[in-house]
Amino acid sequence: GAVVSQHPSWVICKSGTSVKIECRSLDFQATTMFWYRQFPKQSLMLMATSNEGSKATYEQGVEKDKFLINHASLTLSTLTVTSAHPEDSSFYICSAAPTLTETQYFGPGTRLLVL
Amino acid sequence: DAKTTQPPSMDCAEGRAANLPCNHSTISGNEYVYWYRQIHSQGPQYIIHGLKNNETNEMASLIITEDRKSSTLILPHATLRDTAVYYCIVPQGGSARQLTFGSGTQLTVLP
């Protein structure tokens with residue numbers, strides 16, 4: 001149990017285009033999901049907290065207009081990187097916790113390469 | 001999150017026990033210790049967590065000192081697939097809902 005999936009697993013896009021990444025909790029519901037970003041040889045950095053039915057909250061330094069988050073259901077959160085640039089190339093990872101537990105489970109990650 | 005300190009790297013022979021230490025001297029009474037690992041190019045994987053008692057599951061054992069200022073994750077029979085970065089995390093206020101990842105320990109299991 002407690003499986004989180006992400007789609008796509010990797011994506012290559014041209015500079016200036018937008019990319020949508022999906023995060024799904026497959027066997028549980030999650031009112032809150034988290035989005036992280038990881039650059040090569042660095043640790044995970046929290047980008048934002050996705051709240052079902054309400055606006056996401058963003059960490060300091062993360063542009064909310066560039067990284068659009070939608071949490072439309074208890075099993076799906078999406079992260080859209082708008083007008084992507086090469087510096088947005090990174091490994092994006094989501095996490096979620098089943099209701100009534102505190103343990104976060106992570107998705108497999110999405111590797112984004114912007115050319 | 002309470003600050004944790006881990007060695008940057010460790011080696012372990014395949015089949016032997018891997019003991020990964022973590023210092024968390026500023027931990028508060030209601031804060032849990034969580035362990036995750038990240039195999040290269042994958043998302044982090046939950047391993048185990050505990051409050052004050054030692055814990056064991058199918059993956060590992062967690063030994064927490066009586067004063068709770070440090071802990072040790074034990075992989076009893078390390079395999080090559082256990083090569084990963086191991087993170088010790090003490091979420092603030094006892095909630096694991098928001099995790100702060102440090103540098104972790106790169107464990108390399110040697111054949």
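Side-chain atoms are counted along with the backbone in the values below, which use heavy atoms only and exclude waters and symmetry mates. Letters go in sequence order (proteins before strands), and every chain restarts at 1.
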So which part of Ile93(A) gets closer than 4.5 Å to some heavy atom of chain B, the side chain, the backbone, both or neither?
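For Ile93(A), the side chain is the part near chain B, not the backbone.
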Under 4.5 Å to a heavy atom of chain B? For Gln38(A) that would be side chain
Leu107(B) and side chain to side chain contact (heavy atoms under 4.5 Å, CB included): which single residue from Leu73(B), Leu75(B), Asp11(B) fits?
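Only one option passes, and that is Leu75(B).
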Honestly, the part of Gln38(B) sitting under 4.5 Å from a heavy atom of chain A is side chain
* Asked: Less than 4.0 Å between a side-chain N and a carboxylate O, is that true for Arg24(A) and Glu22(A)?
  ->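 Result for this pair is yes, salt bridge flagged.
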Is the Tyr36(B) ring parallel, tilted or perpendicular to the Tyr46(B) ring (thresholds 30°, 60°)? perpendicular
Under 3.5 Å, is there a donor-acceptor pair linking the side chains of Ser9(B) and Gln106(B)?
no
Most heavy-atom pairs under 4.5 Å with chain B, out of Ala96(A), Ser43(A), Ser9(A), Ala97(A), belong to Ser43(A)
